[in-house]
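Just the heavy atoms: all of them, side chains too, but no hydrogens, waters or symmetry mates, feed the values below. Throughout, a chain's letter reflects where its sequence line sits, starting with A, and its residues are numbered from 1.
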Amino acid sequence: MPEPGTRRVAITGLGAVSSAGIGAAEFTASIRAGRRTTSPISGFDTTGFPHTHAGEVHDFDPAAWLRRIEPARWGRSSQFAASAARLAVADADLTESALAGARSGSVMGTTSGESAVIEELVSAWAADGLKSLDGSRVGAVPAGRIAAAVNSELGLSGEALTLATACSASNYALGYAYDMVASGEADYMLAGGADSLNRWAHAGFYRLGALAEEICRPFDADRAGILTAEGGVALLVEPYDRAVARGARIYAEVLGYSVNCDAEHMVHPDPGSIASCIRAAHRSAGVTPEDIDYICAHGTGTRTNDATEVAAAREVFGDRIPPISSIKSMIGHTMGAASGFGALICCMALYEGFLPPTAGVENVDPALGAGVDPVAGVARPASPRVVQNHGFAFGGNNAITILGRAS
Amino acid sequence: MSTAIAEAAADRPTLAVLPLAVTAVGVATPAGLGLEALGRAVAEGLTGHPEALPGDETPPPRPVRTVPDLRTEELIGRKGVRHLDRTTRLGLVACRLALDAQPDPVGERTGVVLGTSTGSIRSSSEYSMETLRQERPYLVNPSLFPNTVMNCAAGQIAIRHGLRGVNATLAGGHLAGVQALRYARNALRQGHADRLLVGGVEEFSPQGAWGWHLSGALDPQAPVGEGAAVLVVEPQDAALAAGRTALARVLACETGFAPRERLAEGLASVIAAALRRSGKDPAEVTTVSLGCTGRTGLDRVEESALGLALGGALPGQVVRVKETVGECFSADGVLQIAAVLGVWQHEGRTHGGTAVVTSVSGDGLVGCAVLDTAGSPG
């Protein structure tokens, strides 16, 4: 057994269930093309809502992807997570027995857990009172079911941890998976996140004035806010040396990460605190600001987010801010899965050699200052070596991961 | 211990654990506020406060335990509390009590690791209900929106006390306590904070109580409860260097996953691994703190796993905190630990205690934490 913290850590499998497609290849092709995959909502009744667009996963058939767990017993977020994990394992070219026979576990992030199940039960409550709740459906409510679904689907006997640190939760998850593998606590970890569309968040974001009508346009002078979204994402994390030994395709190396808390305000992010999180992530990864070739932004599409995120980057990078783009411009804000999708596209960017775009940017907001390059339109061919993935959350929960190209 | 379990345990890593010192505890339970009240109630077999909380919805016809007088405004002030839900209030009060029990203030490199299951199910389901009941679905109250997000309590705790270290919310349900300690140990080792408030919180609500009642997961006479418990922890070496007295040490925190039909073996395996990583022999265990009291079917699974792992009967001291506080879901794990500390304090035990704290979820998660009296050698 190696000393704690001495193992290098690789990402060798990617799985996605998203509005931009199912599977990492479909997802990546859609993002590279700058295709916007948000659409009118069909998952809940939008009657009476002025804004009715979201990044919904239409026609998702869990039975097509899941082999072991029975979809009807699980909520939508768990189905997304388990399907994404199943895809990541297949993508990593690992057999089920090799994975289940090792010390393997999962760590998944979420914002609202099984919100769609809760809304199902709320409908019953509205119709016939609390005594009419379906007792068997109640069992699908706990958010911890999301990681439990991954372990159940893949037959894993290691830990199953669900992190509920809202919209940076997947980055928290990837950081934790990195530590578990680096320290020798685990041999394989599936890290990612999942969330489902729900009416209450749609209503809440609308009332906060943060919801765009139809298009999410981060960094643009005419941005109007976020689009809510859903999906599930999973990354297979394993020791770098083992990945090499088994001839695995290595998408990226996890170089380091950092988490901290603003401790200032529940909904207004703090640039100084984010800047210290970036610096700590660089220290953890053993890199300097000059090494960062690209930033996968939190980039929600609100004025506050853009101003804060760019100010934080400027504090660390000075006037040489690396290209910084937001995939939320295409798939919307997948909440607890968002920084997981960010990590996935960072892996593909390092592996295939491109910078992911921000769709729909026509006029970079001059208020953001000089030198902001949002990679407008479609992906740009490039050879990034080290990239930085942002996740900021409600509650001031910041998490930043640093990934490097395989050596 | 069976051979299969010994082999499964032997396959686990043997890295030494970083012992954590628990330097203060804050609890808000149906036994009242503070560790002393909980310790006395558990040691003397008293049941907690039985009143249902006021509200529009009628709770199900079954026993209830609630925190009698939360003293929110006295303990956390009047400012900004109007819109906070009961989950956040419980969490804030438990943290206040824990920090007040510390002789010195904690610095900003302190963080929060808080266990939940769904956050406040009352807040999220009532918010969802508003989208159905209002004339327009978006006519919800924006100032209540933060309460629907699961990390609300952890964020508020950080803001109130200026805690800028790692701020994590774990949706572990019954496993949240052991998961939170495991997460905390890693976060301290990685330098994401110097000290941590590690807790679990669960509010009583008619929505949640009806859920338990209709799910069939609780025995008919098992009360639905509520509570919050928070431990102040740091690496033992750091506590010693700073001259801070530890109430107890947290040793290994192991978690695993097993299919429903093999839950007992799965739990026995993590108990064995946790003892081994703690450097403890099963014969040294003086105390077990159970998590499955009142949970249909699982109480037998838990006791059978302990029997397998400890080589026969349970030790002399068996703590069943739920007989006092009721079913507290994601607060259970930390309450089980607080109950051990409270009982040890009540009986004046400062040496020679070793406790095994077990957790099981019906979904397949199993976990075990080992703690001992800080005065123990080693």
Any chance you could measure [X], atom [atom1], to [Y], atom [atom2], to the nearest 0.5 Å?
{"X": "Gln190(B)", "Y": "Tyr176(A)", "atom1": "CD", "atom2": "OH", "result": "10.5 Å"}
{"X": "Asn186(B)", "Y": "Tyr178(A)", "atom1": "CG", "atom2": "OH", "result": "11.0 Å"}
{"X": "Trp210(B)", "Y": "Ser132(A)", "atom1": "CH2", "atom2": "OG", "result": "9.5 Å"}
{"X": "Ser128(B)", "Y": "Asn198(A)", "atom1": "OG", "atom2": "CG", "result": "7.5 Å"}

**OP:** Would you check if the distance from the ring center of Tyr257(A) to the ring center of His192(B) is below 6.0 Å?
**Re:** yes

Original post:
Of the listed residues (Gly155(A), Ala143(A), Ala166(A)), which shares the most heavy-atom pairs with chain B below a 4.5 Å separation?
Top reply: Ala143(A)

**OP:** In plain terms, say whether Arg185(B) and Asp179(A) are close enough for a salt bridge, that is, a side-chain N and a carboxylate O under 4.0 Å apart.
**Re:** no

Subject >> Salt-bridge present (Arg189(B), Glu185(A); N to O < 4.0 Å) >> reply: no

Under 4.5 Å from a heavy atom of chain A, the part of [X] involved:
{"X": "Glu135(B)", "answer": "neither"}
{"X": "Leu365(B)", "answer": "side chain"}
{"X": "Phe145(B)", "answer": "side chain"}

Subject >> Closest approach of Ser215(B) to Val138(A) (non-hydrogen atoms, all atoms of both residues) >> reply: CB-CG1, 4.2 Å

Original post:
What's the shortest heavy-atom distance between Arg164(B) and Ser273(A), and which atoms?
Top reply: NH2-CB, 3.3 Å

**OP:** Can you tell which part of Thr111(A) gets under 4.5 Å to a heavy atom of chain B, answering side chain, backbone, both or neither?
**Re:** both

Original post:
Is a donor on one side and an acceptor on the other found under 3.5 Å between the side chain of Arg207(A) and the backbone of Asn141(B)?
Top reply: no

**OP:** Could you tell me whether a side-chain N or O of Tyr172(A) sits under 3.5 Å from a main-chain N or O of Asn167(B), the two making a donor and an acceptor?
**Re:** yes

**OP:** Decide side-chain contact (heavy atoms from CB on, under 4.5 Å) for Glu57(B) and Trp125(A); before the verdict, give the C-alpha distance in whole Å, the side-chain angles of both, and the deciding distance to 0.1 Å.
**Re:** CA-CA 11 Å; Glu57(B) 295 291 334; Trp125(A) 171 24; 3.2 Å; yes

Original post:
Between Pro206(B), Ser124(B), Ser143(B), Ala258(B), which has the largest tally of heavy atom pairs under 4.5 Å with chain A?
Top reply: Ser124(B)

Original post:
Just wondering, do Ile159(B) and Glu264(A) contact through their side chains at under 4.5 Å, heavy atoms?
Top reply: no

